[in-house]
Protein chains: 2
Amino acid sequence: MNREATDLPIAPAGEKPTLRSLAEATGFSIATVSRALADDPRIAAKTRALVAEAAALAGYVPDRAARRLRTGRTQVVTLLLNTQHEFLGFTHEFLSGMTEALQGTGYSVNVVPDDVGDDRLAPVRNILRNHLADGVVFTRTEAFDPRVRLLMENDFPFVSHGRTEFTTPHPFVDFDNEAFARQAVQRLVGKGRTRLSLILPEDRFTFTQHLRYGFVSEARAAGVDHEIVDGVTLDSPAARIAETLRASRLGDNPPDGYVCVGEVTALVTLSALADSDAVLGRDADVFAKRASPIFDNIRPRIDTVFEDLRETGRKMAEMLLRRMQGEDPATLTHMLMPDFERLHHSPDTHA
Amino acid sequence: MNREATDLPIAPAGEKPTLRSLAEATGFSIATVSRALADDPRIAAKTRALVAEAAALAGYVPDRAARRLRTGRTQVVTLLLNTQHEFLGFTHEFLSGMTEALQGTGYSVNVVPDDVGDDRLAPVRNILRNHLADGVVFTRTEAFDPRVRLLMENDFPFVSHGRTEFTTPHPFVDFDNEAFARQAVQRLVGKGRTRLSLILPEDRFTFTQHLRYGFVSEARAAGVDHEIVDGVTLDSPAARIAETLRASRLGDNPPDGYVCVGEVTALVTLSALADSDAVLGRDADVFAKRASPIFDNIRPRIDTVFEDLRETGRKMAEMLLRRMQGEDPATLTHMLMPDFERLHHSPDTHA
DNA sequence: TGACAGAATTAAAACGTTATAAATCCGGGT
DNA sequence: ACCCGGATTTATAACGTTTTAATTCTGTCA
């Protein structure tokens, strides 16, 4: 019945501290200890302090399984991972950002493949049915993404990377791809380029439309020729993209300005140019979006704009936390702007 | 008390099936249902069949929290993620491989950052103390890796990516970096190169020693000059590596053959060559290890060997499963060979 | 002196499993 | 009929929490 903090027993080496052991150590009941740790105002302040001290001393950490069983809350957030396609370094940066934001919150990150088998919704259904997580995060969002629909129907917390065209608002984090496309066009036009070319992601992704709109309307405004490459998408095999680009360079009036949405596409474009003996800066220019630092080390240098995926992951985790705490989904949206500060003007690393 | 499989009640829409609901549906007790689902031979075969059918019909899935609380097994494996450095695409491929191998096993993958704060062992201690997982997987293994030591002391299942120099054997999956280094030297020597250069990872990693040994002994055997670049490592900022390489090219007798252990290093090397007006194939050659497909799209083309990180993740997860099932740790080792089949002989994508 | 309200604490149930120990069933031998 | 043993089945406790509904304390006021 020891209630003096000074002579509490030290943590026994072998067995892990539990509410019961804390109760025995402090002389209070399990219920009181539980409430005290939750800072319940119904518990006397002195008691709360005593219990807190005992818990710290013993290194008490609540058992996740027990809490989860009792409350139904898993303290887990799931990332739906597309295991096939990736922007270079995407997964790494994104995950790092997520874990960073979740650090110290008690939530842990669970990774589930989003593209196995025929039923595209199976992973989400599985999570919903068996309450495998308290929230979900995913990428490659489509205009009418079935995952979004299903999650909204079930009022389940989630944050999508990318917007949808559903009327009901939902939390998302997105990169302003329209602004990127516009800027890319402006840059190329500024260099005197008049025949622009763009390879788009697959049509079903929402950001494809944003890219298209930004590209087309800005090119029209500038009064320059522009084409969206037919027959291939960002997800096409690199070899096929290369093939298509090389073929296009054999035409009468090949493009002289390339907007590249991904790093791989940019590299393919560069090699297609090299393969057809076109010289960068003379025959054509390339403007690309980058998410990794590799372009710093590639010759010839090209202009790039940075999409911060670590920040994206961080923001998405933050919004998910707030959504799970019951904040209004409609307000939980965030747009990342093309990083003009860190715009990459082919810095000379000799300096 | 209905025991006929034919007219079992269908799964009620709202509430999730549980042992109790299955017991009510079949007329057996909870204990019997539990045992039947575990295929306990003490339960009559007919009963087992009946229960299995009812479970399937109801879509029963055991509650993870309850099972975890009762058994102490989490059904979780944790990947210790280094959030700072990455081989391009490493995390993505590795995780994809892991989830692939774990598909259908009931295990899920948890990602924990391995490099926050000052205490390098904190994540592992946290997992051990609070039994946050049944097994652990990590990369960037050191010769006397403290994580390995701690995990072994606690007899906790793990698989390391890379070997250690501890005498007690433990499960690992490793890439044969010595073989890679030897082959790289052979290739470069085969092209007539006589002054080879290598940038190593930090000394503390085990594979650094393997690379060094393979490189040095093969170069000696071939009787060619060779140097290990001083003052920088694979993890140095790309700019510093570039700086060092450019400086080295100004010397009397610059290297004419570069062995690159990572993609970024390879790119940096290429740009350093370009920056100092050296021509690949004439003034120097580069041989690199690649883990992503980007080299297919880089000009000038270089020879590369493929390290399959998806396969690595898959194998590590498989070994971990077997270790958790009690297999002898000493036998759970796997070496991945440099992929000679998929050796990249600068294929001409024009073909 | 009691009664009583509010403050503080607690007993006990529940979450869904698994596992120990005990109970029931059934057929065969006496 | 009766008992016995093996085959089945079951009641129950436990895992570590949270929370509902008491219960006990304390001091105040009639």
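Just so we're on the same page: letters track the sequence lines, and every chain starts at 1. All heavy atoms count here, side chains included; hydrogens, waters and symmetry mates do not. Remember, it's a predicted structure, so these values are computed and weren't measured experimentally.
If you measure from atom CG of L69(B) to atom C1' of dA14(C), you get 12 Å, rounded to the nearest angstrom. The interatomic distance linking L50(B) (CG) with dT8(D) (C1') rounds to 14 Å, in whole Å. We find that CG of L37(A) is positioned 13 Å from P of dT9(C), with the value rounded to whole Å. Here dT8(D) presents its P atom at 9 Å from CZ of R48(B), a figure rounded to the nearest Å. Rounded to whole angstrom, the span from the CG atom of D63(B) across to the C1' atom of dG16(C) amounts to 6 Å. In this structure, CG of D40(A) is placed 14 Å from P of dT10(C), rounded to the nearest angstrom. Rounded to an integer number of Å, the gap from I43(A) CD1 to dT19(D) P is 13 Å. Whole-Å rounding puts the R67(B) CZ to dG16(D) C1' distance at 18 Å.
Taking the salt bridge (charged side-chain N to carboxylate O under 4.0 Å, His left out) definition, one finds that R140(A) meets it with D235(A), sequence neighbours left out. For the ring-ring contact (aromatic ring centres under 6.0 Å, His included) test, residues two or more places apart in sequence or in another chain that qualify with H170(A) are F158(A). Not counting sequence neighbours, E165(A) has no partner by the salt bridge (charged side-chain N to carboxylate O under 4.0 Å, His left out) test. When the salt bridge (charged side-chain N to carboxylate O under 4.0 Å, His left out) test is applied to D63(A), the partners found at least two apart in sequence or on another chain are K16(A). In this structure R147(B) satisfies the salt bridge (charged side-chain N to carboxylate O under 4.0 Å, His left out) test together with D114(B), D145(B), sequence neighbours excluded.
Closest to the side chain of T32(A), out of dT9(C), dT17(C), dT17(D), is dT9(C). Each of dG16(C), dT17(D), dT9(C) was ranked by its minimum atom distance to the side chain of T18(A); first place goes to dT17(D).
Phosphate contact (OP1/OP2 of dC15(C), side-chain N/O of R20(B), threshold under 4.0 Å): present.
No salt bridge links D328(A) with R323(A); every basic N to acidic carboxylate O contact stays at or beyond 4.0 Å. With respect to D134(A) and R67(A), no salt bridge is recorded, no charged nitrogen being found less than 4.0 Å from a carboxylate O.
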Between the protein and nucleotides 19-26 of chain C, which nitrogen or oxygen pairs are less than 3.5 angstrom apart?
from, atom 1, to, atom 2, distance (Å)
dT20(C), O4, R35(B), NH2, 2.9

